[in-house]
There are 2 protein chains.
Amino acid sequence: MDPEKEITIYDIAKKLNISAATVSRGLMDHPSVNINTKQKVVEAAQEMGYRSNHLASNLRKKKSNIIGIIVGNLNSSFMSNVIAGVEKVLSEAGYNLIISQSLDSVAKEVNIAQAMYNNRVDGLMVSLAYETENADHFESFVKRGIPLVYFDRVWPHPKCPGIEIDNVKASYHITDHLIKQGCKRIAHITAFRLSSVAADRYKGYEQALIDNNLRVEEDLILRTQLTLKAGIEAAHTILAMAKRPDGVFVTNDACAVSCMQELKRHGIRIPDDIAFAGFNNDTEASIIEPNLTTVNYKGYDMGEVAAKILINRLNNSENVSPADNKLIQKSELVIRDSSLKKK
Amino acid sequence: MDPEKEITIYDIAKKLNISAATVSRGLMDHPSVNINTKQKVVEAAQEMGYRSNHLASNLRKKKSNIIGIIVGNLNSSFMSNVIAGVEKVLSEAGYNLIISQSLDSVAKEVNIAQAMYNNRVDGLMVSLAYETENADHFESFVKRGIPLVYFDRVWPHPKCPGIEIDNVKASYHITDHLIKQGCKRIAHITAFRLSSVAADRYKGYEQALIDNNLRVEEDLILRTQLTLKAGIEAAHTILAMAKRPDGVFVTNDACAVSCMQELKRHGIRIPDDIAFAGFNNDTEASIIEPNLTTVNYKGYDMGEVAAKILINRLNNSENVSPADNKLIQKSELVIRDSSLKKK
DNA sequence: ATTACTCTTGCAATCGATTGTAAATATGGA
DNA sequence: TCCATATTTACAATCGATTGCAAGAGTAAT
């Protein structure tokens with residue numbers, strides 16, 4: 001048999017002296033096909049090395065069976081967990097997943113959105129690029145009725161569910177925890193450009209201070225890139241302060257950890273001199289000494305939830321209850337030694 | 001305009017009173033189309049909200065423009081970095097990436113392979129499931145001439161390049177390093193079922209012992225699942241030994257770290273009582289105290305290399321030099337405090 | 001034997017874009 | 001003006017699978 005030649009349903013039809021329609025129906029187990037015919041078809045297909053051509057079938061069915069997912073970077077522990085959860089749910093539902101990273105560039109995000117649109121994805125999941133300030137480039141999906149679900153870095157839209165955690169609340173709690181431990185001057189390491197996530201966390205921090213009658217001091221707000229390097233720089237900023245903080249709440253763990261390491265290197269005792277809290281519960285948090293107090297929320301779960309919502313929309317596009325428009329994933333405060341001044 | 005109606009090249013053709021063929025050629029900038037016509041076509045397309053139907057075009061061109069990637073789990077730091085590298089290269093080359101995880105189950109891997117085959121992926125990248133003991137389910141790709149590239153957990157095949165690191169050599173070096181630090185009894189924490197990766201690392205360990213006139217003792221080989229929990233259990237096994245090892249080489253960092261933590265909890269001093277070495281250079285390795293000596297190799301780079309090789313095969317399928325059949329990515333020993341007995 | 005069904009099967013159009021080849025138009029030179 | 005060569009454009013087949021509808025075969029009841 002020529003290995004180059006692809007077998008089609010027509011080849012099977014010819015061989016069995018029946019029509020291609022019957023072969024097609026036989027292969028997909030259509031009830032109106034005689035059981036014997038069905039068996040013959042399946043056997044012949046097997047024997048001839050037939051493989052269904054999804055390209056043709058997709059064209060005919062106007063359905064690609066593909067779900068697109070766009071993220072900033074997929075190689076963070078959080079994001080890869082999200083994707084793992086998404087992949088699991090989608091593959092169980094029979095969908096394929098195509099992934100693109102915007103590398104946190106708006107321009108790239110726009111291109112990717114366009115490409116996904118042309119590729120006729122059946123649904124789309126998006127965590128916005130860091131810089132993204134509007135979601136116009138996703139409007140085409142909404143217009144065409146293609147289900148769109150935001151997660152983590154969401155964009156509020158009446159027709160698109162957003163899955164996220166309650167960043168304000170979580171950050172309020174963790175700041176409050178630091179205060180309860182006796183901190184009076186709490187620094188906050190956050191981002192330059194306030195994405196909705198960073199903004200919410202800032203808000204929670206601020207509110208906790210206010211509710212505890214502490215001043216919000218601009219000097220204690222360190223705006224950084226939130227990278228490992230930024231953590232080291234932040235440490236130096238703190239060391240250089242005339243009046244150092246007695247607590248630090250960092251918007252992510254990675255940056256918190258590198259900042260802690262640098263401070264330790266300069267003789268700062270944690271938590272005695274400065275208590276620390278992060279966000280994300282990355283692996284590093286339970287390895288650094290002292291272990292880092294942080295906020296835990298499961299990327300894997302968020303991925304699963306987001307994917308399930310998407311599947312749900314795909315199955316019954318009419319039944320879009322506004323109730324599930326904004327979904328809050330639960331998160332929890334994980335208290336570890338980095339913040340425990342009283343024991 | 002009806003948002004439900006998809007615009008096709010026929011609609012554009014009708015509006016401009018030209019043929020669909022010309023529209024098609026105009027849109028893809030074919031040289032035989034008059035420049036004025038071309039402009040009119042592009043404008044009309046823009047105005048009418050046309051979007052190319054890749055499903056139709058793929059069918060006609062018999063090319064899906066999709067590359068499949070199959071991995072065990074995508075939510076490890078190493079693997080997500082590989083994928084990030086792959087995605088970058090493929091997207092630059094204009095390909096889409098569809099990802100599936102086998103969850104290290106052979107059965108699932110077989111299914112996924114079949115699905116990818118039917119989906120007409122133009123190329124495939126595979127890191128085998130942990131359990132996989134043969135690669136027959138990928139033969140269909142080879143037969144059809146669909147480029148297949150293995151990475152990390154590779155399968156030797158004359159037609160399929162495999163990108164991996166030299167596990168034997170790296171593990172030889174790290175074991176040798178432990179010996180040079182004065183270790184005489186080095187335990188090795190490895191896997192139950194020896195995947196090629198684990199087997200190679202075992203081989204290097206063994207050879208280093210032999211070359212240094214040390215006995216290879218079966219009691220010191222701990223076969224585990226290599227999980228965090230397994231690390232804790234291994235710690236207890238070590239604690240229970242009549243004659244404890246003075247060094248431990250673990251096949252991966254995560255397990256090494258959890259083992260170290262448990263030993264520390266029981267008063268073992270590292271590296272003085274027991275020196276430690278891991279493999280992978282995960283983030284944890286530079287956070288645990290003492291920092292873990294390990295082997296560094298960049299997942300991102302491996303992903304880039306693997307993807308480039310694949311693209312290369314796609315572009316000139318004939319020019320398959322056997323030279324690039326087995327590609328060794330470089331790796332390096334990262335010496336940290338966990339193994340430094342002499343300072 | 002005829003009618004009335006139920007089961008199976010086949011016909012033919014359809015999903016949109018691509019492309020080899022033929023036809024139409026345009027350009028230039030004699 | 002007319003033929004020869006370039007430029008452009010159109011025709012029609014093709015890529016495979018799917019599906020509404022019609023038609024054929026088979027069975028049972030009258």
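Each chain gets a letter, A, B and so on, in the order its sequence line appears, and its residues count up from 1.
At whole-Å resolution of the value, NZ in B:Lys40 and C1' in D:dT8 are 12 Å apart. Rounded to an integer number of Å, the gap from B:Glu6 CD to C:dG16 P is 7 Å. Atom-to-atom, CG of B:Asn118 to P of D:dA17 comes out at 10 Å; the value is rounded to the nearest Å. We find that CD1 of B:Ile12 is positioned 15 Å from C1' of C:dT18, with the value rounded to whole Å. If you measure from atom CD of B:Gln39 to atom P of D:dT9, you get 13 Å, rounded to the nearest angstrom. Rounding to whole angstrom units, CZ of residue A:Arg120 and C1' of C:dG16 are separated by 9 Å. Between the CG atom of B:Asp29 and the C1' atom of C:dT18 there is a distance of 16 Å, given to the nearest Å. Here the P atom of nucleotide D:dA10 and the CG atom of B:Leu16 are 10 Å apart, to the nearest Å.
Between B:Lys62 and C:dT18, a side-chain N or O to OP1/OP2 separation shorter than 4.0 Å is absent. Contact annotation: B:Tyr10 does not reach the phosphate of D:dA10 (side-chain N/O to OP1 or OP2, under 4.0 Å). Side-chain nitrogen and oxygen atoms of A:Thr37 include at least one within less than 4.0 Å of the OP1 or OP2 phosphate oxygen of C:dT9. Taking 4.0 angstrom as the limit, B:Asn34 places none of its side-chain polar atoms (N or O) nearer than this to OP1 or OP2 of D:dT7.
To the nearest 0.5 Å, the span separating OH on B:Tyr95 from CD1 on B:Ile67 amounts to 5.5 Å. Residue A:Leu59 holds its CG atom at 10.0 Å from CG of A:Asn53, rounded to the nearest 0.5 Å.
Near DNA chain C, meaning a heavy atom under 4.0 Å from it, residues 18-26 of chain B has B:Ala21, B:Ser24, B:Arg25 in order of number.
Between A:Asn75 and B:Asn81, the side chains place a donor N or O and an acceptor N or O closer than 3.5 Å (distance only, hydrogens not considered).
B:Lys298 has no carboxylate O lying under 4.0 Å from a charged side-chain N of B:Glu304, or vice versa, which leaves the two without a salt bridge.
Scanning both residues, A:Met48 and A:Lys15, for their nearest heavy atoms gives SD-CD, 3.7 Å. The minimum heavy-atom distance between A:Ser19 and A:Ala13, with the atom names listed, is C-CB, 3.7 Å.
Within the nucleic acid shown, B:Asn17 comes within 4.0 Å of sugar-phosphate atoms alone, with no base atom in reach, counting heavy atoms only. At the heavy-atom level, B:Ser32 lies under 4.0 Å from base atoms of the strands shown.
A donor-acceptor distance shorter than 3.5 angstrom exists from the side chain of A:Glu87 to the backbone of B:Gln101, with no hydrogens or angles considered.
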